Each structure stands twice: as C-alpha cells, then as structure tokens.
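One structure is given below, encoded as structure tokens.
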Amino acid sequence: MTSLLPVFRSLPLHLVQLSLSAVLKCGQSFRWTILPGASQDDTEYWLCLRDRVVCLRQSSNTLFYRAVYPDPQPAPTQKALRDAETLVWLNDYFQLDIDLAALYDEWTTRDPIFAKIKSRFQGIRILRQDPWENLVSFICSSKNNIVRITKMVQALCTHYSPPLVSFPGEDTAYHPFPPPSALAEPGVSATLRSLGFGYRADFIQRTAKMLVDAHPQTVLVHNHAEASEKWLMGLRDRSTREAREELLKFVGVGRKVADCVLLMSLDKKEVVPVDTHVHQIAVKHYGLKSASASGGKKVAMTPKLYEDVNSKLFNVWGEYAGWAHSVGGMQPESESFFQFLTSFPFQVLFTADLKSFASYGLPTPSGSSTPSIPSRAVDPIVLLPTPPMTPIPPQLKRPHDDTAIDMLKKFDDDFGVTSLAERVKRRRRSA
DNA sequence: CTCCGACCTGCG
DNA sequence: GCAGGTCGGA
C-alpha cells in the first residue's frame, strides 16, 4: 500500500507566505482531509481533484507535494508531466505569485489594528478555488458552522461523484466534487434533505439546474469541466459588479454568499464578505457607526448596512481588502476565530507541540519566543513515513491541562474581551 | 425599498 | 432558543 504513494517533491516556501494548518481549516475550502501525524509537520493535507489526489505537507521553509492517481504505474514521461501539472496547480490554487509578506506590510502601514494581531496569524491567504465547488459550499454555509458544512460537502461528494482513488483496508475513498449535471436532477433535492442538508437542499438542486439549463452540455468528456462550470470560471474576466449580478440570480445566493465566491474563486481580491461577526469587528475596531445606539445588540443586516461595512473595510485595507479580511476576521469576536481555536489540529498543538507555536503563526506561550524548527525539515522528502491513518486519540481531542485556557485568557486580556476562555471551558465541560 | 417571519438541523 | 443567510410576502 505504502509503496503506491510517490515520493514528495519540495517547493521552497516560508510559513510567512502560507500556513496550511491555518488556511485549509479556516472556512474557505471544506474538502481537505487532514491526516494528523506525530507532530504538526508530519500532518498531511489531501484534496481530491478531477484526476488526482493532491497531498501536501509543510515545514517552516518548505512545502512538500505529491499526487496520487487512479493509475499508479504510469510511464516515466507521463509521471514527469503529472508532477509538472501538480506544481502548476499548486501555484494557481495558493496564488503563490502574490507576496503575502508584502501585503502584511502594507496592511500594517494602513491599519494599526492589523499590526497588533498579525503576528499571531501568519501565512493566511485567500485560496483560488473552483467556482462551482465554492458556490455550492457557500450555499451550504447559511446559518451553519464549519464542522457541519464540511460534513455536508463530503456527503455531496460521496453520493454524487464516483470514487477516484481508494486504498485497500481503508474505509474512505476519495471523491472529486460532483459536476453541476450530477446535482441538477429533480430527485437530488429529496436525497440531500435526507442527508441532512435542510432547506439548502432545494437551493443546491435548483442552482445546479439553472446553471445546466442556461449552459447545456454539448459533448460530455470524462474528467473535464462542463460548459456551465466554464461559464462560471469566465466570471473571473468580468467586472466585480457584473460577476456579482450574475451570482445573485441563483437561489440560495444572497449578497454574503456571492461576495464569498467573488473573493475566493473569482479573483475579486478587494471584496470583503460581511457577516454578523465582521460587522461587529467593524463597529468595535474600525469605528463604524453603530446603527442601534450604544446597546449594539442585534442589528439586522440590511443591504445599506452591508454596503457601509463593506466600503468601510475596503477603505481601511485597500486593493486587497478581501485578503486582509481573511486575517483580520480572525479576531476574538469572530466565530471563525473560535472555531479555528477549537478545531482539531489546533487542539493537538495546545497539548503536544507548544514550542513550535510561532512557526505556525500561532500565539507563542509567554516566555518562549524561539520557534523550534525540527532539523529534519532540511531533507525530509523521501524519508518521511506515510502518515498514520489512525483516528485521533481521544485524549488529544481536548486539551488535558489548562495551558489552552491560559493562552485564551491572554487573548482575552490583549483584546479586552472575556469570552474565549469561558466559551472553551463551557464547551469542555459539556464534552 | 425596508421589514419580518419562516426555513432544516444541531447544539447549548 | 438561536445560529457566519436567503427568500418571499406585507
């Protein structure tokens, strides 16, 4: 089994430019499989594309990549081509031509609030995702949380797209994201409801049908993008306003979802999607005038308010405001911040790997400021073992000491909030 | 054009 | 009873 996995190739890339542990679980893409290793840089991230499963691993200064195919024994020339393709995909998906360090510098200059939090959240960048997958994923996101969205997207793939690769002795096969035509059939809606999609089931089926009807398939080529997917991709070349207008025609797609898609798959880097938490952050940290006097409790997100928040943050952060929001949105008020803190890889860090916090762009425990980088990061490509597919040990699922709570208190102090430590305690008690 | 309730499911 | 939203009718 292990022998079927190709060796890793390496790409020089500093953690400042990309932090997989932060980016792949922060609510942009919901389809990455996390295979935890003994330590953080043994962790692997797997994503099933149309024709291959991409596997990534990261050390402080290197990104490691390989891909697994349905046909594991290609001709040598084919093999080289595949590696080249994977590298091209990586560059595109992570937008590695964009210098994130330079952007952080610019946001630091423009925004003292950003300057204060940036060291904790290094390497957070916007992915350049597939528009169709992105659209469906965010239709799922309304009134929802990351964990459940992840389950829904996974269910979508296993039920509506044939497995691309599977491994003997493992129960999980890897499925690509299903094409629009697979979700456009009338029966899909009922099936998705039975899978727990709730009211989003109808949105997804109807959106898929609208797309397929408007851009019918003339020729079906296996593993290739359908006409409607290409049309969606073409929105990258339209203006932000035009592209948004098109997206808003779909059911289940309001301003927030449309803006997420514009930012995360249609190259509209200046767009800041506004949710209730981003709104709160804009009021608290960026002096947005609160609509409801001093109370500031629950204000309905009207189109006008949306525009106010949106343009306010654009003015603060500038041309790459949407990218800045993915970092600035990681403030203690934000739900994504909380989910990020309590999500799996983070919790293992809390308990198992405190010394290397800084290397993951995460808060360093007071006292230690030196990120300890494992020395074998120099040449781990062939030597690294295949990551274990064992489930997460139960004792690692929750912090077993109070270190995590202490760190959260430090966050609370720094930001003048009192919620995080309490919320984690509550959550732990109920677990 | 703004306001308001309903909508699935899951978790506190 | 409410959640990172959207729809449709008043």
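What you are looking at is a predicted structure, and each value in this text was computed from that prediction instead of being measured. Labels below follow one simple rule: chain letters A, B, ... track the order of the sequence lines, proteins then strands, and each chain is numbered from 1.
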* Asked: In whole Å, what separates the P atom of C/dG5 from that of B/dC1?
  -> 22 Å

* Short N-O contact, A/Asp213 and A/Lys209, less than 4.0 angstrom -> yes

* How far, in whole Å, is B/dC4 from C/dC2 if one measures between their P atoms? -> 16 Å

Short N/O separations, protein against nucleotides 1-4 of chain B, under 3.5 angstrom:
none

* If we only count heavy atoms from C-beta on, is the A/Val253 to A/Leu135 side-chain gap below 4.5 Å? -> yes

* Do A/Trp46 and A/Phe167 have ring centres separated by under 6.0 Å? -> yes

* Using the C1' atoms only, state how far C/dG1 lies from B/dG5, rounded to an integer number of Å. => 15 Å

* Could you tell me the separation between the CD1 atom of A/Ile204 and the P atom of B/dC7, rounded to a whole number of Å? => 19 Å

* Starting at atom CZ of A/Arg148, determine the distance to atom C1' of B/dC7, rounded to an integer number of angstrom. => 11 Å

* Asked: Is it true that A/Asp308 and A/Lys312 make a salt bridge, defined as a side-chain N closer than 4.0 Å to a carboxylate O?
  -> no

* To do: Heavy atoms only: give me the nearest A/Ala201-A/Ser189 pair and the separation to one decimal.
  => CB-O, 3.4 Å

* Asked: Any side-chain heavy-atom pair from A/Gln58 and A/Ser21 closer than 4.5 angstrom?
  -> no

* Test applied, side chain to side chain contact (heavy atoms under 4.5 Å, CB included); reference residue, A/Val261; option that passes from A/Ile139, A/Val136, A/Val271, A/Asn134 -> A/Asn134

* Using atom CD of A/Gln280 as one end and atom C1' of C/dA3 as the other, report the distance to the nearest whole Å. => 12 Å

* Using the six-membered ring wherever Trp is involved, compare the ring planes of A/Tyr93 and A/Trp32 and label them parallel, tilted or perpendicular (cut-offs 30° and 60°). => tilted

* Structure fact -> For DNA chain C, the dot-bracket notation using Watson-Crick and G-U wobble pairs below 3.5 Å, [ ] for pseudoknot-type crossings and | for other-strand pairs, is |||.||||||

* Could a donor-acceptor pair under 3.5 angstrom be found where the side chain of A/Arg200 meets the base of B/dC8? -> yes

* Rounded interatomic separation in angstrom, taking NZ from A/Lys151 and C1' from B/dC11 -> 11 Å

* Structure fact -> With sugar-phosphate taken as primed atoms, P, OP1 and OP2 and all else as base, the protein-contact string of nucleotides 5-10 of chain C at under 4.0 Å (heavy atoms; B, S, -) is BSS---

* To do: Round to a whole Å and report the spacing from CG of A/Leu192 to C1' of B/dC7.
  => 16 Å

* Asked: Starting at CG of A/Asn144 and ending at C1' of B/dC8, how long is that distance when rounded to a whole Å?
  -> 10 Å

* **A/Gln28 side, atom CD; A/Ile146 side, atom CD1 - distance, nearest 0.5 Å** => 10.0 Å

* To do: Working to the nearest 0.5 Å, report the span between CZ of A/Arg125 and CG of A/Asp99.
  => 8.0 Å

* Should A/Asp202 and A/Arg193 count as an ion pair when the cut-off is N to O under 4.0 Å? -> yes

* With rounding to whole Å, what would you report as the distance between B/dC8 and C/dG9 at their P atoms? -> 15 Å

